[in-house]
Protein chains: 2
Amino acid sequence: MPRRTKEEAEQTRLALIKSALQLFSEKGVAHTTLMDISKAAGVTKGAFYWHFKNKLEVLEAITQEYALPLDEAAQQKLETMTPSTANLIEAITFYFETLEQSEALIAFQEVILFKCEYTDEFSALLKRDKDDLEKAREIFSAFITDMDESQWQGPRPDAAHIEALSQTLLNALVGGLFQWLTTRQGILSQTVTQAVRIILRGGGLKVDG
Amino acid sequence: MPRRTKEEAEQTRLALIKSALQLFSEKGVAHTTLMDISKAAGVTKGAFYWHFKNKLEVLEAITQEYALPLDEAAQQKLETMTPSTANLIEAITFYFETLEQSEALIAFQEVILFKCEYTDEFSALLKRDKDDLEKAREIFSAFITDMDESQWQGPRPDAAHIEALSQTLLNALVGGLFQWLTTRQGILSQTVTQAVRIILRGGGLKVDG
DNA sequence: ATTTACATACGTTCAGGTATGTATATAATC
DNA sequence: GATTATATACATACCTGAACGTATGTAAAT
């Protein structure tokens, strides 16, 4: 059936994105064919090639549709909060609570970490992921730097220490997500929060509990 | 040229493994063809199929050849050391120093983390990786548990806390490796060691420096 | 003599891409 | 407001290369 209305076209676009994410997480990006995606979305390859140029474009669309909103929400949360350890922990907890409650977000992270080969054109995707992490680290650093003197156990440390601290924090988050996605044991937001407490305390900040 | 001697056959086997690792890290596992590997090793597909059943078997051979020795060395190091924070840090530093000095080990980790889709038969590989990490965590836990009272800042914590601590430690290591492999910035063993210090201190252990 | 350690050749499947068909929504024109 | 024109949103069919696997050949080691 040719020539749907604009809204119907957007529907099929979203259906393609959704099916792609589902199939990517099941079969991997490289082993998912464009016809697999099209079929699962109830259309043909013609529809796919109308909306997207290739697999990479779908993955980018998936990112825009599913991952970006949470990233931006968490970022804005941190930017509006008053800098404190409690608020830092809360923002991180918010991120992982939202993540673990969304099948789509879980599937997305699975694809990014386990079902995608970062080579050729896809290496750009890894680079962007790298930039995102670097940005997150900078936000952590700024947030910690802006904290009041009262948040620290001892005297305020230098910038290098805060950078090392925020980097360690970020690495533990990535590693924690990695570990949870493979084992699915425990509650992601809780284990991560626990790790954050340990690290912030080890970095010289006051942490209650 | 048919029918080489046993040693020559082992040579081509190792050449295939080496070429496979190289190509996997460049082009990704899925996008590397068996003829690519064979050609790079200076043989034909016939030689490949004589030594291996499929791609998965090569990857397993690569693991045996390159990754296992370091894992076992680090593990044995921990088992023979007297439990202390300094020795824990030293064992971890040893692991990552060895890693960052070997192109092959770096390539292997790159393949495992970024150039491999864990689906179908390859999901078994991810499961084994999971088991390895779980084993590492247990070793960390045991090592920390066996530590002398003098190693702690305060009273000795309960088992649950030590488990959370070792898990956080492991997650930070994985995340740190992840981060270093993407950015290649700084010296892996140093940044990781720094992270370990922060975490152990946050976990309640005495850390010098 | 037989097995080994490959080389060569082939068949089959299958994925990506393209070219083209087509019915309808939408815009343009009168 | 009716007609026409055009762009849209796909469906269908085909073409191409290529990768996997397999079957078979073969010369030397054992």
Side-chain angles (χ1 to χ4, degrees), chain A residues 1-20 22-24 26-62 65 111 115-117 119-125, chain B residues 1-20 22-24 26-61 111 115-117 119-122 125:
Chain A
M1 327 129 191
R3 192 60 215 267
R4 307 294 184 76
T5 164
K6 290 240 180 205
E7 300 89 52
E8 283 173 319
E10 182 62 17
Q11 284 292 103
T12 66
R13 198 187 109 93
L14 290 176
L16 283 167
I17 291 177
K18 187 175 179 182
S19 300
Q22 174 84 10
L23 286 166
F24 285 167
E26 286 173 7
K27 310 174 54 171
V29 173
H31 293 88
T32 298
T33 154
L34 304 185
M35 216 181 62
D36 287 340
I37 300 173
S38 309
K39 230 175 205 170
V43 291
T44 65
K45 272 202 314 183
F48 180 93
Y49 276 108
W50 174 256
H51 287 285
F52 308 102
K53 201 176 75 197
N54 48 32
K55 263 188 213 173
L56 181 58
E57 269 202 17
V58 199
L59 243 183
E60 281 168 353
I62 289 176
E65 191 68 23
V111 170
K115 308 298 176 69
C116 183
E117 298 186 1
T119 162
D120 301 327
E121 328 102 320
F122 286 86
S123 64
L125 234 154
Chain B
M1 325 128 191
R3 193 61 214 265
R4 309 293 184 76
T5 163
K6 287 241 180 204
E7 300 90 51
E8 283 174 321
E10 182 61 17
Q11 283 292 104
T12 66
R13 198 188 110 93
L14 290 177
L16 283 167
I17 291 177
K18 187 175 179 183
S19 300
Q22 174 84 10
L23 286 166
F24 285 168
E26 286 173 8
K27 310 173 56 172
V29 174
H31 293 88
T32 298
T33 154
L34 304 185
M35 216 181 61
D36 288 340
I37 300 173
S38 309
K39 231 175 205 169
V43 291
T44 66
K45 271 201 317 181
F48 180 93
Y49 276 109
W50 174 255
H51 286 284
F52 308 101
K53 201 176 75 195
N54 49 30
K55 264 190 215 172
L56 182 58
E57 269 202 17
V58 199
L59 243 183
E60 281 169 353
V111 170
K115 308 300 177 67
C116 184
E117 297 185 2
T119 162
D120 301 326
E121 328 104 320
F122 286 87
L125 234 155

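Note that the structure is a prediction, hence the values are computed from the model and not measured. Per chain, numbering begins at 1; letters A, B, ... match sequence-line order.
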Residues in side-chain contact (heavy atoms from CB on, under 4.5 Å) contact with A:K55, at least two apart in sequence or another chain: A:F24, A:V29, A:L34, A:F122
For A:K39, check side chain to side chain donor-acceptor pair (under 3.5 Å) against everything at least two apart and list the hits. none
Find the distance A:E7:CD to C:dT24:C1' and express it as a whole number of Å. 14 Å
Over how many whole Å does the gap from A:R13 atom CZ to D:dT8 atom C1' extend? 16 Å
Contacts of type side chain to side chain donor-acceptor pair (under 3.5 Å), residue B:E26, not counting sequence neighbours: B:Q22
Has B:T12 got a side-chain N or O lying under 4.0 Å from the OP1 or OP2 atom of C:dC6? yes
B:A30: side-chain contact (heavy atoms from CB on, under 4.5 Å) partners, not counting sequence neighbours: A:A30, A:H31, A:E117
Under 4.0 Å from any atom of DNA chain C, heavy atoms only: list the residues of residues 30-51 of chain A that qualify, in numerical order. A:T32, A:T33, A:L34, A:K45, A:Y49
Taking 4.0 Å as the cut-off, does a side-chain nitrogen or oxygen of B:T5 come that near to OP1 or OP2 on C:dA5? no
Of all residues at least two apart in sequence or in a different chain, which pass the side chain to side chain donor-acceptor pair (under 3.5 Å) check with B:T12? B:H51
Once ring-ring contact (aromatic ring centres under 6.0 Å, His included) is applied, do any residues pair with B:F52, and if so which ones, sequence neighbours excluded? B:F48
Starting at atom NZ of A:K6, determine the distance to atom C1' of D:dA9, rounded to an integer number of angstrom. 10 Å
Between D:dC10 atom P and A:Q11 atom CD, what is the distance in whole Å? 11 Å
Residues in side chain to side chain donor-acceptor pair (under 3.5 Å) contact with A:Q11, at least two apart in sequence or another chain: none
Where along residues 52-61 of chain A does a heavy atom come under 4.0 Å from DNA chain D, residue by residue in number order? none
Gap between atom OH of B:Y49 and atom OG of B:S38 - 0.5 Å precision: 8.5 Å
